[in-house]
Each structure stands twice: as C-alpha cells, then as structure tokens.
Amino acid sequence: MGAIDWSKSPKPSNTTVSFSFEWAMKNLSSGIHPTLPTKQTLKHQGDRLEIPSAAARCEWDFSLSTVVSSSANAAVSDALGSIEFDPSNTVVATGGIARKIRIYSLNSLLPEDNIQLLTRGEQNDTAFLDHVNACSFYICTPAKLSSLRWRPGSGGRLLGSGDYDGVVMEYDLERKLPVFERDEHGGRRVWSVDYSHWDPFVGASGSDDGTMQMWDPRCGGEGGECVAKVQPAAARSSVCCVEFSPFGDSLIALGCADRMAYAYDVRKMVEPLHVLEGHTKTVTYVRFVDAQTMVSAGTDGCLKLWNMSDCGLIRTCKGHVNSRSFVGLSVWRHGGLLGCGSENNQVFVYDKRWDEPICARGLEPMARPGFDHAFVSSVCWRQVQEDHCTLLAGGSDGVLQVFVGTKIS
C-alpha cells in the first residue's frame, strides 16, 4: 500500500455512527447468533496479563518455489499492495501502484515438478518468471489500488477493489469490465474492502476520511445503499483495515490510526463491542484467526492476538520490522500460522502459539534502479487443509514470490 508515516497518531476519542435499522431488521434478523456481548476495553497495562508462551519451535520447512518479476529495465513503480486467493484457492489476484489487477492461475505460479519435489520433501529449483508471461490476463484500473477482495457467492467472477481516489469498484473478470462503483468517501483513499460471509452479502470499506461504511450492492442505486457508517474516533483518524468474521457470526473488526482496534456487531453499531487497546502506533491490519481469536498488526512492529470472548490480550509477537509502512498480514487458519512482511525485505511466519517468529525468509533482490530499499508490502496464505502450505509475498519493487512449506515429520 506504500510507505506512510503514522508516528503522529491522534489519541482515541468517541465514536459516531449512523445505521439503517430498517435494512438491518429486514436482512439480519436470522441466521446470526443472537447473543450481544457487552462492550469491553482492555488497556495494555490493565488488569489482565498476556499469556506466556513456550519457546517457539518450527514444525515447517519453507522453501522459495517461484519468483515473478517485471522486466529489469522497467522504470514504473509496481509495488504490490494486495494479494488475494479466490474462494477455490486456484486463482490469485494482485493489485497495487501500477493501476493493474493481474490474475494468475496457481498452476502458472507453482510448476507441477516443484510441487511433486516439495511433497516428497526434496529440494526444488526456484523458477523465475516474468509477470507478462505468468499472468493469465490483467485489467487496467483508473487509480492505484490499496485493497482487493473476492466477492463471496460470485463463483470467483467478481473482484472488489479499493483505490487511492476513494472509490470502491467491482470487476467482472469474465467480461474484464467494472460492474459496480461506489464513491462515498469524499475522494479520500480507501485502504481496505471486505465482504460479509453471510447472505445477503454486504460490503465494507475503510478510508482516510475516518469512516467505515457498510453497503448493500443490491439496492440503493448505482453505488449501493449505505446501511451503516461508523466513525470510531471523533478526530477522524484513518480507518486502515476492515474485516468481517468468516465464521458465520455478526462481527466486523476495524483497525485505525488512533492506535486502536475495534469490533462491532453489525446489528447494533451504535457503539463497539470491543475496543482493543495496546498498540502504540497505527493499527494497519486486523484478521480473524478462529471464531474466538483475532490478530492485529501495527506500525509499532507488533502482532497482537486477542481473545474475542473477553477482550483479553493473549500474546504479543515481535521479530519483524515495521515502523512506517503497510507490510501485509495473513492467517493460515488450518495451520494456525500468521504471515507478515517486514521493512527489511523479509517475510516472517509466526505460529499463533508462540510470540517469536518460526521462520524469516528474505525476498530475492531484483536488480532494478530506484528499488534499493525494497520491503515486503503484502502477503497471502492459500487456505487449504494439507500437510504443505503456500504463502505468497509481494514487494514494494513489484516482485511476487511463492514460498511452499512442508510439515517436518
């Protein structure tokens, strides 16, 4: 998403919210667990202690399978701000500064010979590819992209995006055309988009205008009906990330430049259910690990795991370098692994059971002018239940690298 200095974040303040209750009663009256827990706040030096973890041990062996880069003479910035697997985990979409959505098949990124070698525990030779030849096709976009997310229920056909001009768009990948556009953030950058995992599907976007907006693309005209609008901080601190819980409940989580993470129940958004206080700088990412656990990342160089049932801090993970930039955060839920980037151009892997990284791998440097200080800007796990795992990492230099991990027997 590009480097940005969050060192002067405002203090947290009161929440403002608007919500369409008529829409909520019509669409959210069933299919979601009815219990509404009370609002809870936990301070970093509060009345609960982090759960100590045993010494970290690595149960995985990671190797670099594929490197995809642009021409060595390319002068245009191509920082990758977002990487997303489709629901089938066979197609990958990337987006960033180059104003392009690139679509790859997993077969093109993971040569079959390499997969067979890794499955047998044998060393593979890294494959070096060019974006032009590796990607199936690309779609040009009107602005730089900060976020991508596949729309559930579309069969991998619709891909949502948030861009630097404050616009949310959906693209039909079969027609290679935009089919939905929403420009309700006043031209302020949209940092993050996501979709709910229950029917009806609604979208959410977080922006530099200090709001999270939730919208229903089925109604309300060309840009969809805004069904909820939350401003977590009265100072309008940027909302840097949004994520709906993928476990069938009604939670949506936000991370903000006021150093806080928030969780709301979408049926009662007058105030947050949880205010997670502990980061000392901007919260850049929030991700649900399982039905009871969430992880947040900040430019204080920390990952924090939270127990969502009582708002308790489980542990703080440290090891990667992150003081200014968006470096990505992804969770492999089946394996309990967390992946994030680093400003020293490494990708780090943490096990949710421990507070130290179990693996750190440097991205292969590409000899391109103007990219002497590259960093990892996005990561994404493939969500499959296997004894080997796949982690994609994108760099600020536009290089996409594929790491494959095998379980150590």
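Because the structure is predicted, anything quoted here is derived from the model rather than measured.
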| task | Give a yes or no answer on whether the side chain of Ser146 reaches the backbone of Tyr164 with a donor-acceptor pair at less than 3.5 Å. | result | no

| Is there a donor-acceptor contact under 3.5 Å from the side chain of Ser330 to the main chain of Gly339? | no

| remark: Nearest heavy-atom approach of Ala204 to Ile252 is CB-CD1, 3.7 Å

| request: Measure from the side-chain N and O atoms of Asp86 to the backbone N and O of Thr90, and report whether any donor-acceptor pair falls under 3.5 Å. | output: yes

| field | side-chain contact (heavy atoms from CB on, under 4.5 Å) between Val376 and Asn345, intermediate numbers included | value | CA-CA 5 Å; Val376 179; Asn345 209 32; 4.1 Å; yes

| Pro232 versus Val230, closest heavy-atom pair with distance | CD-O, 3.5 Å

| request: Considering non-hydrogen atoms only, spot the tightest contact between Ser309 and Gln292 and give its length. | output: CB-OE1, 3.4 Å

Per-pair distances, 0.1 Å, donor-acceptor, side chain in residues 127-139, under 3.5 Å, sequence neighbours excluded:
residue: Asp130; atom: OD1; partner: Val132; partner atom: N; Å: 2.8
residue: His131; atom: ND1; partner: Tyr104; partner atom: OH; Å: 2.6
residue: His131; atom: NE2; partner: Gly398; partner atom: O; Å: 2.8

| said: Among residues at least two apart in sequence or on other chains, which ones pass side-chain contact (heavy atoms from CB on, under 4.5 Å) with Ala253? | reply: Val286, Phe288, Met294

| said: With a 4.5 Å cut-off on side-chain heavy atoms, are Leu173 and Trp150 touching? | reply: yes

| request: Would you please name every residue forming a side-chain hydrogen bond (donor to acceptor under 3.5 Å, both in side chains) with Ser342, sequence neighbours left out? | output: Asn344

| task | Mind running side-chain contact (heavy atoms from CB on, under 4.5 Å) on Arg324 and Thr299 for me, showing each step along the way? | result | CA-CA 6 Å; Arg324 294 179 61 89; Thr299 52; over 6 Å; no

| Pairing residues for Asp351 by the salt bridge (charged side-chain N to carboxylate O under 4.0 Å, His left out) criterion, not counting sequence neighbours | Arg353

| field | Ring geometry between Tyr350 and Phe348 (parallel below 30°, tilted from 30 to 60°, perpendicular above 60°) | value | parallel

| remark: Taken to the nearest 0.5 Å, the spacing of Lys407 NZ from Glu59 CD works out to 5.5 Å

| said: Tell me if a side-chain donor or acceptor on Trp191 pairs with a main-chain N or O of Ser147 at a distance below 3.5 Å. | reply: no

| said: Tell me the closest heavy-atom pair linking Gly394 and Ile83, and the distance in Å. | reply: N-CD1, 3.4 Å

| note | Applying side-chain contact (heavy atoms from CB on, under 4.5 Å) to Pro142 and not counting sequence neighbours gives Met169, Tyr171

| Side-chain heavy atoms of Glu343 within contact of Ser323, under 4.5 Å | yes

| said: Between Ser207 (side chain only) and Arg188 (backbone N and O only), is there a donor and an acceptor less than 3.5 Å apart? | reply: yes

| request: State whether the side chain of Ser65 and the backbone N or O of Val402 hold a donor-acceptor pair below 3.5 Å, judged by distance alone. | output: no

| Given side chains that start at C-beta, do those of Leu106 and Asn89 come closer than 4.5 Å, heavy atoms only? | no

| query | Got more than 12 heavy atoms from elsewhere within 6.0 Å of NZ, Lys176? | reply | yes

| Approximate separation, where rounding is to 0.5 Å, of Trp306 CH2 and His274 NE2 | 11.5 Å

| request: Measure the shortest side-chain to side-chain distance between Leu145 and Ser82 over non-hydrogen atoms and say whether it is less than 4.5 angstrom. | output: no

| So which pairs with a foot in residues 237-247 pass salt bridge (charged side-chain N to carboxylate O under 4.0 Å, His left out), sequence neighbours left out? | Arg149-Glu243, Glu243-Arg287, Glu243-Arg333

| query | Any side-chain donor paired with an acceptor under 3.5 Å for Gln401 and Arg361? | reply | no

| Is Phe85 close to Val91 at the side-chain level, that is, under 4.5 Å between some pair of heavy atoms? | no

| In chain order, what residues pass the side-chain contact (heavy atoms from CB on, under 4.5 Å) check against Arg151, with sequence neighbours excluded? | Ser154, Leu158, Glu170, Tyr195, Pro217

| said: With a 4.5 Å cut-off on side-chain heavy atoms, are Cys340 and Leu329 touching? | reply: yes

| task | Could you tell me whether the side chain of Thr293 and the main chain of Asp290 form a donor-acceptor pair under 3.5 Å? | result | no

| task | Taking atom CG of Asp387 as the centre, report whether more than 12 heavy atoms of other residues, nucleotides or ligands fall under 6.0 Å from it. | result | no

| request: Check whether any side-chain heavy atom of Leu276 lies under 4.5 Å from a side-chain heavy atom of Cys311, and answer yes or no. | output: yes

| Those residues that, when tested against Thr141, pass side-chain hydrogen bond (donor to acceptor under 3.5 Å, both in side chains) (two or more places apart) | none

| Approximate separation, where rounding is to 0.5 Å, of Asp209 CG and Lys229 NZ | 6.5 Å

| How about Val242 and Met214: do any of their side-chain heavy atoms sit closer than 4.5 Å? | no

| remark: Output for pair (Arg102 CZ, Leu148 CG), nearest 0.5 Å, gives 12.0 Å

| Listed by chain and number, what are the side-chain contact (heavy atoms from CB on, under 4.5 Å) partners of Ala291, not counting sequence neighbours? | Phe247

| request: Please report the C-alpha distance between Trp60 and Cys389 in whole Å, then the side-chain angles of each, then the deciding distance to 0.1 Å, and finally whether the side-chain contact (heavy atoms from CB on, under 4.5 Å) criterion is met. | output: CA-CA 9 Å; Trp60 295 87; Cys389 57; 3.9 Å; yes

| Distance from Cys241 atom SG to Leu254 atom CG, nearest 0.5 Å? | 7.5 Å

| task | Using side-chain hydrogen bond (donor to acceptor under 3.5 Å, both in side chains) as the criterion, list what pairs up with Ser205, not counting sequence neighbours. | result | His185, Trp215

| remark: Taken in chain and number order and not counting sequence neighbours, the residues that satisfy ring-ring contact (aromatic ring centres under 6.0 Å, His included) with His334 are Trp332

| query | Is a side-chain donor or acceptor of Ser237 paired with a backbone partner of Cys256 at a separation under 3.5 angstrom? | reply | no

| task | Verify side chain to side chain donor-acceptor pair (under 3.5 Å) between Ser105 and Asn107, making sure each step is shown before the conclusion. | result | CA-CA 5 Å; Ser105 71; Asn107 290 336; 5.2 Å; no

| Counting distance only, does the side-chain N/O of Asp300 pair as donor-acceptor with the main-chain N or O of His279 below 3.5 Å? | no

| request: Just do the salt bridge (Lys or Arg N to Asp or Glu O under 4.0 Å) check on Lys318 and Asp355 with the steps written out, would you? | output: CA-CA 6 Å; Lys318 296 181 179 180; Asp355 54 18; over 6 Å; no

| query | Listed by chain and number, what are the side-chain hydrogen bond (donor to acceptor under 3.5 Å, both in side chains) partners of Asp165, not counting sequence neighbours? | reply | none

| task | Output, in order, the C-alpha distance, side-chain angles, deciding distance and verdict of side-chain contact (heavy atoms from CB on, under 4.5 Å) for Leu305 and Leu338. | result | CA-CA 10 Å; Leu305 278 85; Leu338 316 174; 3.9 Å; yes

| field | Approximate separation, where rounding is to 0.5 Å, of Leu273 CG and Ser250 OG | value | 7.5 Å

| request: Return the minimal non-hydrogen interatomic distance between Ser396 and Ala374, and the atom names on each side. | output: OG-CA, 3.3 Å

